[in-house]
Amino acid sequence: MREDSIRVSLGTAIALGLIRGRMDAPPTTAYLLTPGGCHGICKFCPQASTSAGRSDLLSRITWPEFPVEQVVAAIKQALDDFPGNKTGGARKFQRACIQTVRNNRGRVIIGHLLDELADLLPVSISWYPANLEEIHELFSLGADRIGIAEDCPTDSLFREIKGGSRTKMMELLKHAACMYPGRIGTHLIVGLGESEREMVQAIQEVHDFGVTVGLFAFTPVPGTPLGSESPPDPCVYRRIQVARWLIVKNLRRAEQFIFDENGRIVDWGMANEDLVSILYSGKPFETSGCPGCNRPYYNESPGGFMYNYPRPLTESEVRDALNRLGFL
């Protein structure tokens, strides 16, 4: 393998023994990030060309850089220590996730990583493909899943915050999901100025495509154009989490929810006692995305509000979530 470098999330680096540190929620996915600056202009992202913030951040997580060979060797050692099987089981990592910035350097590194890791564990790629051919290429190289980030649920927000055409991106997402059923995902970020109705409709749309839907909470990062904005209200985020859960589990559709004049969810289209029994597992409030993904503290500060729990909830945490939803 050619000597090159890859960035590794702080939690992953600790779990791999690349650096020393303490964790209260170990990552269940090995999170990697291609190096170099990004050509994108996403106003929330510290990797964007429009950012004046720290270049070692993605969301609120730091990503120290290591030689690719060192990281690959550490992942292989971790899998040897906890063999399990390729689909999960008793192993330290259930998958690897390669998050990418838009530059030419990343393509070569992704090819190296897939060549080394794809036979050992499932590998997800978070990518900004220009066309279907790029998606075909990544799957042919061994990718298990590909994530194409929608982020913004409306055309106007997409154009303002990310630049480009949401319509074009959604067509690509739809065609990719049709060609690779069950292997395409997307993410939506709550708190970029959308209404709850707009977010719920976007979740339903991509779910109908057959796309896995993961939720993020907007995280203001100093130095980015949106760095002075506020994260989403916890009660709003909990309502969106419930809506997502009901939609992706095919328990309700977006058109069955009732919204007020401001687009806020006021009724779920089902009896409260039935909904509470569904929510009491706490599962709707855990991290959503690819199988085996828990993203510890990606949107959260230790000791702060937990938008996405990286583990099963305690009884008191479930009760707090239900209280924020107005059920207790």
Side-chain angles (χ1 to χ4, degrees), residues 4-13 15-16 18 27-42 44-49 51 53-66 68 71-72 75 93-114 116-118 121-130 134-135 138-139 141-151 162 169 173 183-189 211-219 221 224 287-299 308 310:
D4 213 325
S5 62
I6 186 73
R7 292 183 281 186
V8 181
S9 77
L10 180 62
T12 300
L16 288 173
L18 297 171
T28 51
T29 286
Y31 298 102
L32 312 176
L33 174 66
T34 57
C38 184
H39 299 156
I41 61 170
C42 302
F44 52 80
C45 183
Q47 294 298 316
S49 60
S51 173
R54 288 174 50 180
S55 61
D56 64 339
L57 290 177
L58 186 63
S59 189
R60 61 169 302 278
I61 300 295
T62 55
W63 299 73
E65 197 163 334
F66 301 91
V68 169
V71 174
V72 167
I75 292 175
F93 295 113
Q94 297 180 35
R95 72 172 50 240
C97 177
I98 306 172
Q99 301 182 63
T100 64
V101 294
R102 300 189 208 183
N103 62 41
N104 293 330
R105 185 181 176 193
R107 288 172 177 253
V108 177
I109 296 172
I110 288 172
H112 291 336
L113 288 168
L114 285 172
E116 291 286 337
L117 299 177
L121 78 172
V123 180
S124 297
I125 309 289
S126 180
W127 186 252
Y128 296 88
E134 291 187 5
I135 297 172
L138 288 173
F139 279 126
L141 290 172
D144 174 65
R145 288 171 173 259
I146 294 176
I148 306 170
E150 179 181 0
D151 294 329
K162 290 173 66 76
M169 187 277 298
L173 194 64
R183 301 179 69 185
I184 301 296
T186 194
H187 295 110
L188 286 158
I189 300 175
V211 172
T212 301
V213 187
L215 286 184
F216 286 75
F218 165 65
T219 303
V221 180
T224 63
T287 298
S288 55
C290 293
C293 175
N294 70 338
R295 290 195 311 271
Y297 299 108
Y298 197 87
N299 297 139
N308 302 301

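Residue numbers start at 1 and run along the sequence shown. Since we're looking at a predicted model, the values are computed, not measured.
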[atom2] on [Y] to [atom1] on [X], rounded to 0.5 Å:
X: Ser9; Y: Leu33; atom1: OG; atom2: CG; answer: 9.5 Å
X: Arg145; Y: Ser126; atom1: CZ; atom2: OG; answer: 13.5 Å
X: Thr34; Y: Trp127; atom1: OG1; atom2: CH2; answer: 7.5 Å
X: Arg183; Y: Thr212; atom1: CZ; atom2: OG1; answer: 12.0 Å
X: Tyr128; Y: Ile148; atom1: OH; atom2: CD1; answer: 11.0 Å
X: Leu32; Y: Phe66; atom1: CG; atom2: CZ; answer: 11.0 Å

Between Phe44 and Phe218, is the ring centre distance below 6.0 Å? no
Closest approach of [X] and [Y], non-hydrogen atoms and distance?
X: His187; Y: Arg295; result: NE2-NH1, 4.3 Å
X: Cys290; Y: Ser124; result: SG-OG, 3.4 Å
X: Ala96; Y: Leu121; result: N-CD1, 3.7 Å
X: Asp144; Y: Phe139; result: O-CE2, 3.7 Å
X: Ser5; Y: Ile109; result: O-CD1, 3.3 Å

Do Thr219 and Tyr298 touch side chain to side chain, with heavy atoms closer than 4.5 Å? no
Does any non-hydrogen side-chain atom of Pro296 lie less than 4.5 Å from one of Asn294? yes
Between [X] and [Y] (side chain of the first, backbone of the second, donor and acceptor by atom type, cut-off under 3.5 Å), is there such a pair?
X: Ser288; Y: Leu215; value: yes
X: Tyr31; Y: Thr12; value: no
X: Thr28; Y: Gln94; value: no
X: Thr287; Y: Cys293; value: no

Applying the side chain to side chain contact (heavy atoms under 4.5 Å, CB included) criterion to Leu138, which one of Ile98, Ile146, Val123 satisfies it? Ile146
Just do the side chain to side chain contact (heavy atoms under 4.5 Å, CB included) check on Met169 and Asp151 with the steps written out, would you? CA-CA 11 Å; Met169 187 277 298; Asp151 294 329; over 6 Å; no
